[in-house]
Peer 1: 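Questions regarding the structure given below will be posed in turn.
Letters A, B, ... are given to chains in the order of the sequence lines, protein chains preceding strands, and every chain is numbered from 1. Excluded from the calculations below are hydrogen atoms, water molecules and symmetry mates; all remaining heavy atoms, backbone and side chain alike, are included.
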Protein chains: 4
Amino acid sequence: MTFTTDEVNALLAEGFPSAFANGFRCEELGERWSLARWGFRESELRPGGYIPGPTLFGLADLAFWFAVFTVVGLEPMAVTSDLSIAFLRPAVGGDALARAEILKAGRSRIYAEVDLWVEGAPGRLVAKAHGNYVLPAPGR
Amino acid sequence: MTFTTDEVNALLAEGFPSAFANGFRCEELGERWSLARWGFRESELRPGGYIPGPTLFGLADLAFWFAVFTVVGLEPMAVTSDLSIAFLRPAVGGDALARAEILKAGRSRIYAEVDLWVEGAPGRLVAKAHGNYVLPAPGR
Amino acid sequence: MTFTTDEVNALLAEGFPSAFANGFRCEELGERWSLARWGFRESELRPGGYIPGPTLFGLADLAFWFAVFTVVGLEPMAVTSDLSIAFLRPAVGGDALARAEILKAGRSRIYAEVDLWVEGAPGRLVAKAHGNYVLPAPGR
Amino acid sequence: MTFTTDEVNALLAEGFPSAFANGFRCEELGERWSLARWGFRESELRPGGYIPGPTLFGLADLAFWFAVFTVVGLEPMAVTSDLSIAFLRPAVGGDALARAEILKAGRSRIYAEVDLWVEGAPGRLVAKAHGNYVLPAPGR
């Protein structure tokens, strides 16, 4: 890796300021994977303390974006083509974590899956996501 | 329909307060469909004026929820099982609208698809979503 | 259109001979859409007369492929990237039909949705599919 | 497990005879998972020796069905609700294998994901699938 999580978070703050303001961060990076965090904030919760589905979707989407960087470099132009999320269990009680792993990186398309859980319960997935990123054509 | 969009929006404000605060609303309701709106707010945009993907996902999810009400009544316990979204074009320039239509309503599962566009350009979909809701078992 | 359904079916017979042998055909073509048919054969059915899910998936996949031809020409190298199918009702009683419609055709990715029904009951969808095709890079 | 792969294959032969005739089998079973095999047959291949996408979809669907048995018993009435497959690499050269793993088993819905590869290359996924099964309501 030729860049750090701090650099990724700086890019996030610049390229997706509302996500940065809402507590999303890049936590770890490795070859073809990333770990992203959503920092718990009570104001976002639904009654009963549930982390909303769209918050989990947003976290999965960011984890995917960060993992793409580990393949193509800090290229903010990669965009989500499609992303599917299945909600498996209620998400309650703390920060949410998402680990994206790239299963196939082609020239124009990157496919990944994302595991999501609440901090402290890594074995109990609250959601699982899958999808594609598309890369801008070279020379564009 | 035995309830109004105002009642749906009151339920939204109570059951998903952060979404209500962020400008999401139920706009219209019909038999097995709904129209939802995200009121443009510049602070959410990404550089270049793009409406973020997770905002569109959240709007699709809410439109689906509202459409489910038209089948099962104002039942806030219906929860998204899975939702998939494909991003088709950049979403820029105004409020976002989502029309959810239920294709199949079974006893425990409701399948719908959602068209999304930016106000003023209904023929140009910016995203398309589809997924399942699961209903709590009767008598639970 | 500079080609006919007969030409598409000739390409199918050559490029996917087992599908051709199993009764799949291109039935109609239009700008950015196609209609495909699976000719009923009792030997494929499951007990009770149900058309199997994988047969419907195969039909959706072919309808998508045919629709792609209407955008890029008779280019057999377009390949399915991903395809999602939701089964909505039991499929019984006759030929199966699938209408694919392209919602977005980009340079490297084509997104479409597919409606599936049993002949004689076009208003009652038995399945709905969505997915992406990827195109070979120009000059490859 | 109170049943064997032989019993599952007998149920397959009875409940999905065309799949059984086309070389699909249950190979292994464990708690919340299964391994399914498609026995290579040249007549099904596409030119170049490619295993067709719908064949891989059918294999994923069967692996999922077998895995469901390990949770609910030999209940042939469980039906696929929706299944999504992403094709990652060309599938060539031998039998295809699919391992389905259940991530969540609820009362009316079971979510699983499926890894697919060609025999001899388990580290190189040719496809990945995920989806939902729905169970008949108790007492029906």
Peer 1: Using modelled atom types only, decide if a donor and an acceptor are shared between the side chain of B:Arg46 and the backbone of A:Phe16 within a distance under 3.5 Å.
Peer 2: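 Answer holds: no.
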Peer 1: Please state whether the side chain, the backbone, both or neither of A:Leu45 comes within less than 4.5 Å of a heavy atom of chain B.
Peer 2: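 For A:Leu45, the backbone is the part near chain B, not the side chain.
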Peer 1: Is atom CD of B:Glu14 surrounded by more than 12 heavy atoms (other residues, nucleotides or ligands) closer than 6.0 Å?
Peer 2: no
Peer 1: Would you say OH of B:Tyr50 has more than 12 non-hydrogen atoms from neighbouring residues, nucleotides or ligands within 6.0 angstrom?
Peer 2: no
Peer 1: Write down the atom of B:Gly15, the atom of A:Pro47, and the distance for their closest heavy-atom approach.
Peer 2: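 That would be O-CD, 3.2 Å.
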Peer 1: With only heavy atoms counted, which part of B:Ser43 is less than 4.5 Å from chain A, the side chain, the backbone, both or neither?
Peer 2: backbone
Peer 1: Quick one: sort the A:Phe87 and B:Phe57 rings into parallel, tilted or perpendicular, breaks at 30° and 60°.
Peer 2: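 The arrangement is tilted - the two ring planes meet at 30° to 60°.
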Peer 1: Return the option, out of A:Thr80, A:Val79, A:Leu59, with the maximum number of heavy-atom pairs under 4.5 Å with chain B.
Peer 2: A:Thr80
Peer 1: Determine the option with the most heavy-atom pairs under 4.5 angstrom with chain A, choosing from B:Pro54, B:Pro52, B:Gly131.
Peer 2: B:Pro54
Peer 1: Considering residues, nucleotides and ligands other than B:Arg41, do more than 12 of their heavy atoms fall under 6.0 Å from its CZ?
Peer 2: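 Yes, enclosed.
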Peer 1: Identify which of B:Gly53, B:Ala19, B:Ser18, B:Ala86 forms the greatest number of heavy-atom pairs closer than 4.5 Å to chain A.
Peer 2: B:Ser18
Peer 1: Starting at CG of B:Asp82, measure out to NE2 of A:His130 and round the result to the nearest 0.5 Å.
Peer 2: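 Spacing of CG (B:Asp82) from NE2 (A:His130) equals 11.5 Å.
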Peer 1: How long is the span from the CD1 atom in A:Ile85 to the OG atom in B:Ser81, to the nearest 0.5 Å?
Peer 2: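 So the CD1 of A:Ile85 and the OG of B:Ser81 are separated by 11.0 Å.
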